[in-house]
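When a residue number appears, it is its place in the shown sequence, counting from 1.
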Amino acid sequence: DVCSSDLREKSLKIKLIAQAYKTDNGEIAAFVIPTFVSKADKLYTVDDVFNGIITKTAFADTQFFVGKGAGAYPTASAVLSDISALSYDYRYEYKKLNNTDTIQSYENLYARILLRHNTVDQTNIEVYFAEVHEKYANQTIGYVIGILSFAKLHELIRCHEKTVSAILFDTINKV
């Protein structure tokens with residue numbers, strides 16, 4: 001099991017990260033998943049009521065923004081803003097959205113994942129993985145580290161939702 005002392009020893013934190021990017025073939029990949037973050041990552045220091053965002057564009061290169069995103073005042077401000085927008089039928093939209101963009105199929109999006117599981121229900125967990133790099137199990141818990149598609153990850157979690165949890169190491173273009 002991944003414990004806090006192991007994470008500290010490896011200088012890692014687990015953060016809920018949303019990612020969206022264009023793939024090499026122009027499709028959009030988007031997902032939200034708990035992710036290992038190292039000290040070298042700018043998001044490592046974003047804690048408590050703060051949120052962080054990293055953007056990368058053709059003209060501005062990589063930008064990092066951090067600010068309050070939770071707590072009483074930011075939440076109240078967001079709620080008040082939404083209520084105000086409702087009062088005059090404002091609709092949030094992203095005008096630059098190109099409707100010809102396609103979402104990448106989860107079958108084609110691969111990741112290196114740490115999958116923790118309950119060994120009572122570990123039947124055929126490894127068959128979901130395209131590659132297994134490391135595994136461990138005792139009488140009650142275990143884990144597998146390896147490569148699998150997001151489609152397989154989704155299927156695995158749906159079939160074993162009460163006995164597995166996943167943490168992302170990184171995404172992989174192709175296996």
Side-chain angles (χ1 to χ4, degrees), residues 1-56 64-66 69-71 74-75 78 101-175:
D1 201 3
V2 179
C3 69
S4 58
S5 63
D6 292 337
L7 293 174
R8 275 192 303 276
E9 179 182 304
K10 292 176 173 57
S11 296
L12 295 172
K13 289 183 180 178
I14 300 172
K15 301 214 175 246
L16 187 61
I17 305 286
Q19 293 187 43
Y21 58 90
K22 273 199 172 176
T23 63
D24 293 339
N25 61 358
E27 292 180 316
I28 296 172
F31 52 89
V32 179
I33 188 170
T35 304
F36 285 114
V37 178
S38 73
K39 277 189 175 179
D41 193 311
K42 292 187 183 311
L43 294 173
Y44 186 87
T45 60
V46 179
D47 290 315
D48 304 320
V49 299
F50 292 92
N51 289 334
I53 185 168
I54 299 171
T55 63
K56 186 172 184 177
F64 173 61
F65 303 93
V66 66
T75 302
D101 288 339
T102 57
I103 304 296
Q104 182 174 17
S105 167
Y106 284 143
E107 285 81 18
N108 300 324
L109 184 59
Y110 285 80
R112 188 164 64 105
I113 298 281
L114 179 145
L115 184 88
R116 191 201 63 71
H117 59 81
N118 176 334
T119 56
V120 173
D121 192 26
Q122 70 176 346
T123 317
N124 298 323
I125 292 281
E126 291 175 39
V127 299
Y128 290 92
F129 285 80
E131 296 176 16
V132 173
H133 299 156
E134 184 179 327
K135 61 183 179 176
Y136 168 80
N138 62 26
Q139 279 66 40
T140 56
I141 59 166
Y143 69 86
V144 178
I145 297 174
I147 309 287
L148 74 162
S149 73
F150 272 74
K152 290 289 187 183
L153 177 61
H154 181 74
E155 180 184 329
L156 197 156
I157 289 172
R158 194 178 66 244
C159 293
H160 303 273
E161 69 179 275
K162 296 194 186 318
T163 61
V164 299
S165 60
I167 304 171
L168 177 75
F169 278 103
D170 47 27
T171 56
I172 311 291
N173 284 336
K174 293 179 183 172
V175 174

Do the side chains of [Y] and [X] get nearer than 4.5 Å, heavy atoms only?
{"X": "I33", "Y": "L153", "value": "yes"}
{"X": "I147", "Y": "H133", "value": "yes"}
{"X": "I14", "Y": "F36", "value": "yes"}
{"X": "F64", "Y": "V46", "value": "yes"}
{"X": "L168", "Y": "I17", "value": "no"}
{"X": "E126", "Y": "K135", "value": "yes"}
{"X": "F50", "Y": "T45", "value": "no"}

Would you give the length of the straight line joining atom OG of S11 to atom CG of D41, rounded to the nearest 0.5 angstrom?
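Between atom OG of S11 and atom CG of D41 there are 13.0 Å.
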So which heavy atom on [X] is nearest to which on [Y], and how close?
{"X": "L109", "Y": "A29", "result": "CD2-CB, 4.2 Å"}
{"X": "A18", "Y": "V32", "result": "CB-CG2, 3.7 Å"}
{"X": "Y44", "Y": "L12", "result": "CE1-C, 4.0 Å"}
{"X": "Y128", "Y": "L148", "result": "O-CB, 3.7 Å"}

Would you find more than 12 non-hydrogen atoms of other residues, nucleotides or ligands less than 6.0 Å from K15 atom NZ?
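Atom NZ in K15 is packed in, count exceeds 12.
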Checking side-chain contact (heavy atoms from CB on, under 4.5 Å) for the pair F129/L115: CA distance, chi angles, key distance, verdict?
CA-CA 10 Å; F129 285 80; L115 184 88; 4.0 Å; yes
Decide side-chain contact (heavy atoms from CB on, under 4.5 Å) for T163 and H117; before the verdict, give the C-alpha distance in whole Å, the side-chain angles of both, and the deciding distance to 0.1 Å.
CA-CA 6 Å; T163 61; H117 59 81; 5.7 Å; no
On the 0 to 90° scale, with breaks at 30° and 60°, tag the F150-F31 ring pair as parallel, tilted or perpendicular.
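F150 vs F31 ring planes: tilted.
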